[in-house]
Amino acid sequence: MASAEALVGAWWRGLLFCLGMPLVISDPSPIPGYTFTRSFLGLDKCNACVGTSICKKLYKEQIRLEGWQPPQLHLPSDNRTSYEANYTDDLKTWRPVVLSRLVSPDMHQLADKSICISAGKRKSCSIETVLRATPRFQNLNNSNILLPSMVQGLVTPMLRCPSQRLLDRIVHRYFEVADVGSVQMKHFTSKDKLRLLYTLAVNQQPLILQMFPGNEGWPFPRYHGSCGRLMMWAGCRPLRSLYPSSLAQRSDAAYQILHITQSLASNSLHFHLYYTSVSEDMFGIAEDGRHFITDASIIGIIDLQEGFHTETDTQANHTDVFSCLSGSCVRGPSCETIRSSQSFRLICRHVLPKLLTSTDVQSSRLPRRVISELTVCSDPTQSDQRIHKAVQILMDTLQPFRQCNSNFGYRYPECRYSDKF
Ligand SMILES: *[C@@H]1O[C@H](CO)[C@@H](O)[C@H](O)[C@H]1NC(C)=O
Ligand SMILES: *[C@@H]1O[C@H](CO)[C@@H](O)[C@H](O)[C@H]1NC(C)=O
Ligand SMILES: *[C@@H]1O[C@H](CO)[C@@H](O)[C@H](O)[C@H]1NC(C)=O
Ligand SMILES: *[C@@H]1O[C@H](CO)[C@@H](O)[C@H](O)[C@H]1NC(C)=O
């Protein structure tokens with residue numbers, strides 16, 4: 001964590017991503033504090049939690065939850081999955097962030113109960129003691145390398161066919177330990193290992209944001225850290241806020257979403273990141289108009305370089321108490337069955353038709369071809385090749401509708417230096 005903040009250059013580039021325009025607060029007078037309870041944060045459940053990297057900031061008032069209204073400070077209900085907030089690191093500028101639990105509070109409660117039941121305890125138990133006693137944790141605790149065998153049977157989409165290179169990247173980029181940057185877990189305490197395993201089992205969101213950071217060009221919002229079972233990342237405007245806006249803005253959004261999806265599929269790291277499901281709510285927009293994937297929990301990953309390691313004994317049952325903590329024990333289809341066109345088919349069916357409609361064609365601004373290629377792109381009976389071609393036609397057709405003005409700050413300097421504008 002400390003080392004990430006010391007990367008001043010990366011930090012400045014990080015500001016461009018999803019942080020929005022900083023707000024200048026003119027009155028920095030001290031304010032009476034929130035009283036975060038350990039159970040609100042989920043700290044009482046640590047080390048069956050994500051981490052503690054932003055706890056100090058919460059207690060030092062550097063994070064103000066929605067409804068922040070001195071002098072009386074009311075914490076929002078603890079029965080919610082996510083909260084909007086403002087965050088400062090210099091006590092002058094405030095930026096929108098999201099604080100989110102790994103799963104809904106109800107789901108956390110059910111999962112905690114299932115942990116106790118797995119140990120034959122009906123009512124309550126020490127969750128941590130039960131998890132530490134599992135063979136899965138014992139194997140991890142005795143190893144300096146995160147191995148495929150240690151994540152088998154977890155339902156997390158990115159772990160469907162993990163290569164050693166992928167698991168090494170998880171460890172290498174893991175931000176919740178004091179000393180990040182090694183693919184070996186020598187600097188991990190057994191507490192760190194339990195937190196990592198718990199996060200891997202429940203929700204990959206914080207790990208994806210750490211592995212593929214925005215300041216390296218990945219389309220994910222900046223990860224700020226965690227406290228207990230709450231994690232925090234940069235806030236964005238929801239995609240749906242664009243629906244009533246101009247065709248130029250909606251075309252730009254559709255173009256960006258296609259472009260993001262392409263860059264996830266083929267990139268210099270040779271990891272194929274694909275969507276296992278999509279919804280409009282998984283995309284967000286930063287202040288400068290750049291689009292992001294704010295829900296990374298549905299991203300699957302195939303290693304195009306090392307290939308995937310096919311399970312040798314398909315009969316073996318790797319299910320254990322960690323396998324169902326996310327609310328489902330169902331593993332998705334195997335990586336062999338994932339088509340290269342899957343992500344495009346999903347966005348062409350469920351997301352892009354909300355941005356580009358036949359009304360735009362009727363008002364004769366949008367070429368009819370956009371709608372017909374959207375239909376091809378979303379059709380599972382089409383070949384991968386034809387779907388990729390539809391994507392290219394869509395992008396070529398949408399490109400001229402995108403504009404260079406202050407609504408699209410993210411396009412500079414591209415806009416400034418292109419003679420098309
Ligand atoms: C963040 O601060 C701005 C400006 O003070 C305010 O309008 C907004 O409601 C705040 N957001 C939250 C989630 O509190
Ligand atoms: C929390 O919210 C869920 C659904 O919103 C509800 O079913 C549940 O009863 C609530 N739990 C508590 C303790 O209020
Ligand atoms: C984990 O490993 C450490 C050192 O290798 C050991 O001290 C500790 O007892 C182990 N914890 C469990 C729960 O096995
Ligand atoms: C694997 O084992 C778990 C319990 O250990 C059981 O609930 C599940 O049905 C088994 N799955 C298969 C495919 O055998």
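Counting starts at 1 for both ligands and their atoms, in listed order. Along the sequence shown, residues carry numbers from 1. Bear in mind the structure is a predicted one, so any value in this text is a computation, not a measurement.
For the pair R345 and D379, the salt-bridge criterion is not met [side-chain N within less than 4.0 Å of a carboxylate O]. Note on D281 versus R240: salt bridge recorded, some NZ/NE/NH1/NH2 to OD/OE distance being below 4.0 Å. Ionic pairing of R229 and D112 is present here: one or more N-O contacts between side-chain nitrogen and carboxylate oxygen are shorter than 4.0 angstrom. At a threshold of 4.0 Å, the pair R38-D44 does not count as salt-bridged, since none of the basic side-chain nitrogens sits closer than that to a carboxylate oxygen.
Annotation: N86 places an N or O atom under 3.5 Å from an N or O atom of ligand 1; distance criterion only.
Of all the atoms in ligand 1, the ones that sit under 4.0 Å from a non-hydrogen atom of E84 are 13 (C). Contact atoms of ligand 1 toward A85: 13 (C) (distance under 4.0 Å to a heavy atom of the residue).
For A248, the side chain to side chain contact (heavy atoms under 4.5 Å, CB included) criterion is met by S246, Q403, not counting sequence neighbours.
Counting non-hydrogen atoms of neighbouring residues, nucleotides and ligands closer than 6.0 angstrom, the NE2 atom of H259 reaches no more than 12 such neighbours.
Counting heavy atoms closer than 4.0 Å to ligand 1, residue P96 contributes nothing at all.
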Starting from the N and O atoms of ligand 3, find every protein N or O within less than 3.5 Å and list the pair with its distance.
| from | atom 1 | to | atom 2 | distance (Å) |
| --- | --- | --- | --- | --- |
| ligand 3 | 2 (O) | N141 | OD1 | 3.2 |
| ligand 3 | 2 (O) | N141 | ND2 | 2.5 |
| ligand 3 | 11 (N) | N141 | ND2 | 2.8 |
| ligand 3 | 14 (O) | Q138 | OE1 | 3.3 |
| ligand 3 | 14 (O) | Q138 | NE2 | 3.2 |
| ligand 3 | 14 (O) | N141 | ND2 | 3.2 |

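The aromatic rings of Y198 and H108 sit parallel to each other, their planes meeting at less than 30°, with 60° as the upper class boundary.
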(message) Would R250 and D360 count as a salt bridge (Lys or Arg N to Asp or Glu O under 4.0 Å) here? Give the steps.
(response) CA-CA 10 Å; R250 288 179 285 116; D360 296 313; 2.8 Å; yes
